[in-house]
Engineer: 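Have a look at the structure that comes next, please.
Numbers restart at 1 for each chain; the letters A, B, ... are given by sequence-line order, proteins then strands.
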Protein chains: 2
Amino acid sequence: MTAHWDGRIEALAERLRSRGYRLTPQRLAVVEALLADGSHPSAADVSAKVRERHPMVSLATVYQTLDVLKELGEVLELDFGEGFSRYDARHPYPHPHAICARCGAVHDVHDASPIDIAAWASRATGFAIHGYRLDFYGLCPCCRGSDTSSAPEGS
Amino acid sequence: MTAHWDGRIEALAERLRSRGYRLTPQRLAVVEALLADGSHPSAADVSAKVRERHPMVSLATVYQTLDVLKELGEVLELDFGEGFSRYDARHPYPHPHAICARCGAVHDVHDASPIDIAAWASRATGFAIHGYRLDFYGLCPCCRGSDTSSAPEGS
DNA sequence: TTCCGTGCAAAGAGTTTGCATCTGT
DNA sequence: ACAGATGCAAACTCTTTGCACGGAA
């Protein structure tokens with residue numbers, strides 16, 4: 001299967017080198033782990049994925065590589081108030097997310113907004129808007145049907 | 001001066017008592033600190049403010065009180081990815097914020113959105129949307145004019 | 001008197017950093 | 001060969017928790 005992030009590994013490798021960063025096996029492994037699926041992995045998720053095939057890559061290296069990728073604008077750090085960060089290397093630009101309160105899944109929302117919310121906010125606030133974040137909380141289509149209660153855990 | 005949160009201290013006191021919570025001097029001090037100004041204070045900010053007049057109130061008590069207030073729905077916990085949470089007791093319901101990248105100020109956006117973004121997101125994602133957060137990043141009107149560079153710190 | 005709340009200090013989670021060793025270019 | 005990257009462990013920040021004391025109902 002092909003998708004728009006095909007070739008992103010090669011592009012990233014080139015980008016790293018041209019900016020004076022070395023392309024180490026560890027960095028390659030982190031990039032591969034980030035792009036492996038459409039999820040929004042935490043640093044621990046990335047580390048676990050990397051260790052499946054490169055058991056000696058340390059968590060510190062994962063964090064350091066994520067920092068480099070953030071600096072290059074090739075990964076987006078997402079904080080949903082869970083106590084840790086998630087990362088998105090497939091779509092490293094601001095876009096809305098929908099978070100399921102029951103199963104915890106994070107979905108990307110790629111539909112174009114019917115309005116230019118940044119322009120609206122600029123008008124409403126007087127700010128020069130550089131970016132935004134828009135997160136929706138609710139039940140994903142899957143969890144909507146499978147349970148009448150919306151709480152992740154019974155209190 | 002009067003504002004819509006006048007009487008909120010009294011209302012909160014009543015709410016606490018009716019729910020079986022005690023109204024202690026510490027809790028009153030935390031509530032006062034939260035409502036003192038329109039900023040979006042962190043727990044440390046609240047603690048500092050409380051200690052101006054009640055030096056023996058511990059940080060743990062501040063956190064515990066914030067938990068109670070969150071449970072009552074009287075304070076909103078906000079996480080802007082700064083590594084700590086901020087709290088809003090004046091407007092404890094979801095509303096957009098605008099964060100200045102230069103001075104760090106957090107402004108409330110009270111203008112009504114021109115569209116029902118929750119309805120849009122529901123249509124776009126199939127989620128049952130329960131809530132959302134919308135944060136804008138940029139330069140506040142004050143910082144816009146005072147400096148041509150947008151970085152909080154020179155790198 | 002009976003709990004609930006407090007203060008202290010220690011524990012906890014996630015992230016960052018110092019330093020000696022190793023490696024891509 | 002040399003600058004930069006790695007791995008380990010310790011440090012750091014914010015937040016939560018255990019426990020004995022203290023005060024309100």
Side-chain angles (χ1 to χ4, degrees), chain A residues 12-34 40-51 53-72 75-87 104 153, chain B residues 12-31 33-34 40-51 53-72 75-87 104 153 155:
Chain A
L12 269 169
E14 177 50 37
R15 207 110 161 13
L16 279 168
R17 215 178 294 98
S18 73
R19 292 283 225 99
Y21 293 106
R22 289 179 186 165
L23 183 60
T24 64
Q26 291 91 335
R27 283 179 180 165
L28 199 53
V30 168
V31 169
E32 284 171 352
L34 282 166
H40 297 72
S42 65
D45 294 335
V46 172
S47 178
K49 186 121 203 149
V50 166
R51 286 185 178 225
R53 309 206 312 174
H54 308 266
M56 43 176 300
V57 175
S58 74
L59 187 53
T61 294
V62 171
Y63 276 109
Q64 284 160 165
T65 301
L66 287 170
D67 280 343
V68 169
L69 295 174
K70 274 191 284 180
E71 191 184 315
L72 294 180
V75 75
L76 202 65
E77 185 171 7
L78 307 169
D79 186 333
F80 297 119
E82 301 165 294
F84 55 86
S85 292
R86 294 172 178 272
Y87 299 88
E153 236 88 76
Chain B
L12 269 170
E14 178 50 37
R15 206 108 172 345
L16 278 168
R17 215 177 295 98
S18 72
R19 292 282 226 99
Y21 293 106
R22 290 181 185 160
L23 182 61
T24 63
Q26 290 91 334
R27 283 180 179 163
L28 197 54
V30 168
V31 169
L34 282 167
H40 297 73
S42 65
D45 293 336
V46 172
S47 178
K49 187 120 204 155
V50 166
R51 286 185 178 225
R53 307 207 312 179
H54 308 266
M56 42 175 300
V57 175
S58 75
L59 187 54
T61 293
V62 171
Y63 275 110
Q64 285 159 21
T65 300
L66 287 170
D67 281 343
V68 170
L69 296 174
K70 275 191 283 180
E71 192 184 315
L72 294 181
V75 75
L76 202 65
E77 185 171 7
L78 307 169
D79 187 333
F80 297 120
E82 301 165 294
F84 55 86
S85 292
R86 294 172 177 271
Y87 298 88
E153 235 89 74
S155 127

Engineer: Please report the closest heavy-atom contact between Val62(A) and Ala43(A), naming both atoms and the distance.
Structural biologist: CG1-O, 4.0 Å
Engineer: With nearest nucleotides of DNA chain D determined for Val68(A) and Ala60(A) from heavy-atom distances, which residue corresponds to the more 5′ nucleotide?
Structural biologist: Val68(A)
Engineer: Using OP1 and OP2 only, check whether a side-chain N or O of Gln64(A) sits under 4.0 Å from dT15(C).
Structural biologist: no
Engineer: Could you pull out the protein-nucleic contacts involving nucleotides 20-24 of chain D (nitrogen or oxygen on both sides, under 3.5 Å)?
Structural biologist:
from: dG23(D); atom 1: N2; to: Arg22(B); atom 2: NH1; distance (Å): 3.1

Engineer: Answer yes or no: is there a donor N or O on one side and an acceptor on the other, between the side chain of Thr65(A) and the main chain of Thr61(A), under 3.5 Å?
Structural biologist: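 Here the side-chain-to-backbone pair exists.
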Engineer: Between dT6(D), dG5(C), dT17(C), spot the one nearest the side chain of Thr61(A), thanks.
Structural biologist: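 Of the candidates, dT6(D) comes closest.
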Engineer: Working to the nearest 0.5 angstrom, can you tell me the gap between Asp45(B) CG and Phe84(B) CZ?
Structural biologist: 7.0 Å
Engineer: Can you check the Leu59(B) CG to dA11(C) P distance for me, whole Å?
Structural biologist: 18 Å
Engineer: Closer than 3.5 angstrom, by distance alone: can the side chain of Asp67(A) be matched with the main-chain N or O of Gln64(A) as a donor-acceptor pair?
Structural biologist: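 Flag not set: sc Asp67(A) to bb Gln64(A) has no pair under 3.5 Å.
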Engineer: For a quick check of understanding: with a heavy-atom distance under 4.0 Å over all strands, which category does Ser42(A) fall into, base, sugar-phosphate or nothing?
Structural biologist: nothing
Engineer: Test your reading of the model: is there a side-chain donor-acceptor pair from Arg19(B) to the backbone of Leu72(B), 3.5 Å cut-off?
Structural biologist: no
Engineer: Respond yes when some side-chain nitrogen or oxygen of Ser58(B) is under 4.0 Å from OP1 or OP2 of dC8(C), and no when none is.
Structural biologist: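 No, outside the criterion.
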Engineer: To the nearest Å, how far apart are Leu66(B) CG and dT16(D) C1'?
Structural biologist: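 Between C1' of dT16(D) and CG of Leu66(B): 13 Å.
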Engineer: Measure from the side-chain N and O atoms of Arg17(B) to the backbone N and O of Leu23(B), and report whether any donor-acceptor pair falls under 3.5 Å.
Structural biologist: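 No: the side chain of Arg17(B) does not pair with the backbone of Leu23(B).
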Engineer: Using the rule given for side chain to side chain contact (heavy atoms under 4.5 Å, CB included), can you reason through Glu77(B) versus Tyr87(B), listing the C-alpha separation, both sets of side-chain angles and the distance that settles it, and then say yes or no?
Structural biologist: CA-CA 5 Å; Glu77(B) 185 171 7; Tyr87(B) 298 88; 3.6 Å; yes
Engineer: Please tell me which of Arg17(B) and Arg27(A) maps to the more 5' nucleotide of DNA chain D, matching each residue to the nucleotide holding its nearest heavy atom.
Structural biologist: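 Final value for this comparison: Arg27(A).
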Engineer: Starting at the 5' end of DNA chain C, which residue's closest nucleotide do you reach first, Tyr21(B) or Arg51(B)?
Structural biologist: Tyr21(B)
Engineer: Could you check which of dT15(C), dT6(C), dG7(D) has an atom nearest any side-chain atom of Val57(A)?
Structural biologist: dG7(D)
Engineer: Using a heavy-atom cut-off of under 4.0 Å over every strand shown, decide if Phe84(B) touches base, sugar-phosphate, or nothing.
Structural biologist: sugar-phosphate
